[in-house]
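No experiment lies behind these values; they were computed from the predicted model shown. Here is the naming used below: chain letters follow the sequence lines, and residue numbers restart at 1 for every chain.
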Amino acid sequence: MKPDGQKFEKLARFLLETRPVEMSCEDWLDHVGQYADCVLAGECIPVALKDVERHMELCPECAEEFRALLEALRGE
Amino acid sequence: MTDRTNDEWLALLGQAGATAEVAIAELREVLRRGLGKALRNHPGADDAFVEDVTQDATLKVLDRLSAFRGESKFTTWAVAVAVRVAFSELRKARWKDVSLDGLVESGLGPAPAAPVETHGRLEKDEMIAVMRRVMETDLSERQRFLIAGELSGVPQAELCERLGLNRNALYKLGHDARLKLKKGLLAAGITENDVRDVFSIAS
């Protein structure tokens, strides 16, 4: 696929995930600790935390920070 | 990391004098260990960087204590804050000498001069032309700059600095842009299913 095609496919994916109300990066930071605790404990993710997952679909930086957070916490 | 409860952490960090100093030193150690693991094998994150960013992150955590909602372990929240501080610094360093002149042109390409006529099933080039046209007509210059930056991988911290916005305001600007773009595509007769078909994105 041409570079333009890749960029616009990424934009298309963002648009398909876009909702009228979304969690911002700051809101995400407030909630990601609880989400990470659930993941590390192998617990089901509560419905109230689904927006944390959805935000990471739209925000590669928060997704990158989440992967790093799990690395930081594993084995503790 | 530690068996201390959230309430104990908050009580100790909220005190004055030597008790708080001991707790702050323990917090710093928790963050240093966490960042060391999070940044292991990360280019640009050597021991000196981890040391520096641990200091900054400790201050940031202490500054944001009132934002801790108690829904996670305190240390999980604190390490999450520290990871954000560290990655913001790394991203800034990576992009500090990169010019963003011409970002919109290179990131989004030229918009068609006239509305794009669409008939029946769209080809990818036609869809991209419509998206470019809607961005040109419906989005502000700042929104186009932001979208182009995001699609080109420019970090949010860099976009915040160039646009003079904090991260929340940047996210809102981008969210508004995406909503306008969706609305504009719909007004041009393009549905979510059309977008999925053209880019082969599963439901």
If you compare all heavy atoms of [X] against all heavy atoms of [Y], which two are closest, and at what distance to 0.1 Å?
{"X": "B:K37", "Y": "A:R74", "value": "NZ-O, 2.6 Å"}
{"X": "B:W77", "Y": "A:L29", "value": "CD1-O, 4.2 Å"}
{"X": "B:E150", "Y": "A:K10", "value": "O-NZ, 3.2 Å"}
{"X": "A:S24", "Y": "B:Y171", "value": "CA-CD2, 3.8 Å"}
{"X": "B:S72", "Y": "A:G33", "value": "CB-C, 3.2 Å"}
{"X": "B:V79", "Y": "A:A72", "value": "CG1-CB, 3.7 Å"}

Chain A contact via [X] - side chain, backbone, both or neither, heavy atoms under 4.5 Å:
{"X": "B:I147", "result": "side chain"}
{"X": "B:R167", "result": "side chain"}
{"X": "B:L39", "result": "neither"}
{"X": "B:R84", "result": "both"}

Expected output: side-chain B:H175 to main-chain A:M23 donor-acceptor under 3.5 Å
no
Spacing of [X] atom [atom1] and [Y] atom [atom2] [to the nearest 0.5 Å]:
{"X": "B:L35", "Y": "A:E71", "atom1": "CG", "atom2": "CD", "result": "13.0 Å"}
{"X": "A:E9", "Y": "B:I128", "atom1": "CD", "atom2": "CD1", "result": "9.5 Å"}
{"X": "B:I201", "Y": "A:E17", "atom1": "CD1", "atom2": "CD", "result": "9.5 Å"}
{"X": "A:E61", "Y": "B:L159", "atom1": "CD", "atom2": "CG", "result": "8.0 Å"}

Quick check: do A:L15 and B:V195 have side-chain heavy atoms less than 4.5 Å from each other?
no
Taking C-beta and beyond as the side chain, do A:F8 and B:R132 meet within less than 4.5 Å on heavy atoms?
yes
I'd like to know if B:K172 and A:E26 make a salt bridge, using a cut-off of under 4.0 Å between side-chain N and carboxylate O.
no
Is it true that, when you exclude [X] itself, more than 12 heavy atoms of the residues, nucleotides or ligands shown sit nearer than 6.0 Å to its [atom1]?
{"X": "B:D46", "atom1": "CG", "value": "yes"}
{"X": "B:K60", "atom1": "NZ", "value": "no"}
{"X": "A:E43", "atom1": "CD", "value": "yes"}

What option among [options] has the most heavy-atom pairs under 4.5 Å with chain A?
{"options": "B:R40, B:R69, B:H42, B:M127", "value": "B:R69"}
{"options": "B:R91, B:M131, B:E192", "value": "B:R91"}
{"options": "B:E71, B:R64, B:R178, B:K182", "value": "B:R178"}
{"options": "B:N168, B:L170, B:L181, B:V83", "value": "B:N168"}

Is A:R67 close to chain B through its backbone or its side chain, or both, or neither, when contacts mean heavy atoms under 4.5 Å?
neither
With a 4.5 angstrom heavy-atom cut-off, is it the side chain or the backbone of A:C38 that approaches chain B, or both, or neither?
neither
With a 4.5 Å cut-off on heavy-atom pairs, point out which of A:D27, A:L70, A:V32, A:D30 contacts chain B the most.
A:D30
